[in-house]
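Read through the structure below, which is laid out as structure tokens, and then see the notes.
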Protein chains: 2
Amino acid sequence: MTAASRPDHPRLRRTAGDRRAQLVQIGLELLPTTPVQELTIDEVARRAGISRSLLFHYFATKRDYYTAVTRAAADLLWEHLLPAPGTPPDQQVTGMLDRYVGWVETFPESHLAFVRGAGGGDPWVSEVYEEMRARLVELALSALELPDDARRRQLVLAWFAFTEDLVGQWVQEPTMTRDELLELLRDVLARLTDR
Amino acid sequence: MTAASRPDHPRLRRTAGDRRAQLVQIGLELLPTTPVQELTIDEVARRAGISRSLLFHYFATKRDYYTAVTRAAADLLWEHLLPAPGTPPDQQVTGMLDRYVGWVETFPESHLAFVRGAGGGDPWVSEVYEEMRARLVELALSALELPDDARRRQLVLAWFAFTEDLVGQWVQEPTMTRDELLELLRDVLARLTDR
DNA sequence: CCGGCTTGCTGAGCAACGCTCAACAAGCTA
DNA sequence: TAGCTTGTTGAGCGTTGCTCAGCAAGCCGG
């Protein structure tokens with residue numbers, strides 16, 4: 001149907017890297033609108049204008065492909081959250097929170113899909129998510145200049161769940177100002193990690 | 001393989017209600033060990049000793065079946081959490097929290113599967129979960145004798161996410177005593193709803 | 001221009017799964 | 001025994017994840 005699926009030149013050859021990047025990119029575009037498990041290889045191949053077989057040449061299994069797409073999404077978020085080098089520690093967490101809310105505001109359905117796909121579906125996919133969460137906890141605790149014992153790590157992880165849920169709801173129905181939201185989240189984290 | 005799949009009597013006939021209950025029961029047993037989307041109709045039918053076709057006679061679609069199973073699981077949890085009639089309001093939330101932790105302690109993987117399946121996979125399935133959460137919020141706010149405006153509802157819902165995450169982690173690696181956990185959760189909820 | 005090599009790429013096809021449909025048969029009643 | 005209701009089945013269709021043998025685009029040495 002699209003020009004891509006019936007190109008003027010009978011066959012277009014790409015380098016392996018280009019093709020991989022294109023396929024992951026298509027996955028990133030499809031992810032927000034399509035529940036992870038409903039995304040078919042056929043659809044991706046059709047959008048890329050290639051055969052199903054080629055997709056399996058680059059990603060041995062559907063799971064591999066989804067994992068790669070999820071990892072790409074996680075990397076984008078991670079880079080967006082990472083504080084600029086030289087930021088004083090006491091501002092790092094506040095800045096990350098602010099950027100996180102901004103991210104959810106900008107791509108609400110994309111973020112929802114990411115969180116859902118990560119928490120719910122495939123164990124391999126959720127592993128990517130857990131890995132990023134673990135890295136974020138490390139980052140947060142070092143920014144707060146607190147030792148990261150097991151207890152505190154648990155509390156910060158649970159606070160992530162709290163934050164994700166609340167920000168997700170708040171974007172849909174703002175029951176307070178943006179600043180109030182940020183202050184509340186910051187405050188809950190402080191109280192949790194203080195003791 | 002099993003006796004059920006090749007019974008002595010060539011065919012066993014059940015009432016519609018019995019069969020439905022049996023199929024839902026099988027789903028409940030399978031749910032903890034099997035990711036929702038990996039559970040196949042074939043497997044359920046095989047365990048019940050019936051043909052696939054019969055399952056589709058009772059549940060028009062796979063989604064319908066999963067929804068029914070999830071609803072059954074939600075009902076079990078709901079009944080377990082519900083305070084005994086006559087409980088004074090100030091003890092209701094504490095009691096529910098206590099029973100919730102007990103539930104997760106007793107069926108850790110079952111609860112994990114429920115939360116994951118609910119948050120992640122199918123929208124229809126997660127709807128069952130959201131419905132129960134909404135009912136729980138109502139219950140909690142009335143027990144706390146607080147008006148349930150939109151803001152408070154959001155905060156309690158987010159606190160659920162916090163609680164689920166923390167209790168799930170704590171069961172795997174107890175970093176505090178059970179009483180400390182309960183007190184912490186209770187305290188966070190109080191602070192959140194106070195303002 | 002040509003033979004040969006690498007490698008991106010395809011089409012046919014298989015197995016598993018969700019789902020349909022026409023028909024069989026168990027158990028009851030007249 | 002005939003007949004009705006309804007629980008139950010097997011054959012089969014379309015889709016989807018995945019495999020495999022082989023085609024052909026682009027580059028090379030001659």
Side-chain angles (χ1 to χ4, degrees), chain A residues 1-2 4-27 30 34-70 117 121-125, chain B residues 1-27 30 34-70 121-125:
Chain A
M1 321 313 176
T2 67
S5 63
R6 243 183 294 153
D8 299 335
H9 304 283
R11 220 181 286 178
L12 191 66
R13 223 180 142 108
R14 297 204 188 191
T15 68
D18 276 4
R19 191 59 91 185
R20 264 190 89 98
Q22 180 206 15
L23 293 173
V24 169
Q25 182 58 35
I26 288 175
L30 248 36
T34 319
V36 184
Q37 286 288 357
E38 284 181 26
L39 178 53
T40 80
I41 292 292
D42 259 23
E43 174 68 11
V44 177
R46 207 179 51 73
R47 294 216 176 202
I50 60 172
S51 63
R52 269 156 294 157
S53 318
L54 188 57
L55 209 153
F56 285 107
H57 176 68
Y58 290 106
F59 303 94
T61 185
K62 190 186 175 181
R63 190 178 300 215
D64 281 354
Y65 176 63
Y66 285 156
T67 307
V69 172
T70 305
D122 193 280
W124 291 37
V125 172
Chain B
M1 326 308 180
T2 67
S5 65
R6 244 182 294 153
D8 299 335
H9 304 283
R11 217 179 291 176
L12 191 68
R13 221 182 144 107
R14 297 205 187 191
T15 68
D18 277 3
R19 192 58 92 186
R20 264 190 90 98
Q22 180 205 17
L23 293 173
V24 168
Q25 182 58 36
I26 289 175
L30 246 39
T34 318
V36 185
Q37 286 289 359
E38 283 182 25
L39 179 51
T40 80
I41 292 290
D42 259 23
E43 173 69 10
V44 177
R46 208 180 51 73
R47 295 215 175 203
I50 60 171
S51 64
R52 268 155 295 155
S53 317
L54 189 56
L55 208 150
F56 284 107
H57 176 68
Y58 289 107
F59 303 94
T61 186
K62 190 187 177 183
R63 189 177 298 211
D64 281 353
Y65 176 63
Y66 285 155
T67 306
V69 172
T70 306
D122 192 280
W124 290 39
V125 173

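Below, read A as the first sequence line, B as the second, and so on, with proteins coming before strands; counting in each chain starts at 1. Keep in mind that this is a model prediction, so the values were computed, not measured.
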Practice problem: Find the distance between CD (A:Glu38) and CD (B:Gln37) and round it off to the nearest 0.5 Å. | Solution: 8.0 Å
Exercise. May I have the distance from A:Arg14 (atom CZ) to C:dT10 (atom C1'), rounded to whole angstrom?
Key: 17 Å
Quiz item: Separation of B:Arg46 atom CZ from C:dG18 atom P, in whole Å?
Solution: 14 Å
Quiz item: Does B:Arg52 have a side-chain nitrogen or oxygen under 4.0 Å from the phosphate oxygens OP1 or OP2 of D:dT8?
Solution: no
Quiz item: Hey, does the side chain of A:Thr61 reach the backbone of A:Asp64 with a donor-acceptor pair shorter than 3.5 angstrom?
Solution: no
Practice problem: Using a cut-off of strictly less than 4.0 Å between a heavy atom of the residue and any atom of DNA chain C, enumerate the qualifying residues of residues 53-62 of chain B by number. | Solution: B:Ser53, B:Phe56, B:Ala60, B:Thr61, B:Lys62
Please tabulate, for side-chain N and O atoms in residues 15-24 of chain A, each donor-acceptor pair with protein atoms closer than 3.5 Å (sequence neighbours left out).
| unit_1 | atom_1 | unit_2 | atom_2 | d |
| --- | --- | --- | --- | --- |
| A:Thr15 | OG1 | A:Asp18 | N | 3.3 |
| A:Arg19 | NH1 | A:Gln22 | OE1 | 2.8 |
| A:Arg20 | NH1 | A:Tyr58 | O | 3.1 |

Exercise. Could you tell me whether B:Thr40 contacts a base, only the sugar-phosphate backbone, or nothing, with contacts defined as non-hydrogen atoms closer than 4.0 Å?
Key: sugar-phosphate
Quiz item: Whole-Å distance between D:dG17 C1' and A:Tyr66 OH?
Solution: 10 Å
Quiz item: How long is the line joining CD1 of A:Ile41 and P of D:dT16, in whole Å?
Solution: 11 Å
Quiz prompt | Straight-line distance of B:Lys62 NZ to B:Leu55 CG, nearest 0.5 Å | solution = 11.0 Å
Quiz item: In chain order, what residues pass the ring-ring contact (aromatic ring centres under 6.0 Å, His included) check against B:Phe56, with sequence neighbours excluded?
Solution: none
Quiz item: What integer distance in Å separates A:Gln37:CD from C:dG18:P?
Solution: 12 Å
Self-check item: Exercise: identify the closest heavy-atom pair between A:Val44 and A:Tyr65
Solution: CG1-OH, 3.3 Å
Practice problem: Grab the CG-C1' distance between B:Asp18 and C:dG27 for me, whole Å please. | Solution: 15 Å
Quiz item: So do B:Ile26 and B:Glu43 actually touch side chain to side chain, heavy atoms under 4.5 Å?
Solution: no
Quiz item: With B:Ser53, which residues qualify under side-chain contact (heavy atoms from CB on, under 4.5 Å), at least two apart?
Solution: B:Ser51
Practice problem: Please list residues of residues 20-27 of chain A whose heavy atoms come under 4.0 Å from any atom in DNA chain C, ordered by number; otherwise none. | Solution: none
Quiz item: B:Ser51 has a side chain; which of C:dC17, C:dT10, D:dG10 sits nearest to it?
Solution: D:dG10
Quiz item: Between A:Glu43 (CD) and D:dG17 (P), how many Å, whole number?
Solution: 11 Å
Quiz item: Nearest heavy-atom pair of A:Tyr66 and A:Val125: which atoms, and what distance?
Solution: CB-CG2, 4.1 Å
Quiz item: Using a cut-off of less than 4.0 Å, is there contact between a side-chain N or O of A:Arg19 and OP1 or OP2 of C:dC9?
Solution: yes
Self-check item: Five-pair end axes of the helix from C:dC1-D:dG30 to C:dA30-D:dT1 and the angle they enclose, rounded to 10°
Solution: 20°
Quiz item: Taking the side chain of A:Arg13 as its heavy atoms from C-beta onward, which of C:dG8, C:dA26, D:dG10 lies nearest to it?
Solution: C:dG8
Quiz item: How far apart are the closest heavy atoms of A:Thr67 and A:Arg63, and which atoms are they?
Solution: OG1-O, 2.6 Å
Practice problem: Enter the distance from A:Arg52:CZ to A:Ile41:CD1 here, rounded to the nearest 0.5 Å. | Solution: 10.5 Å
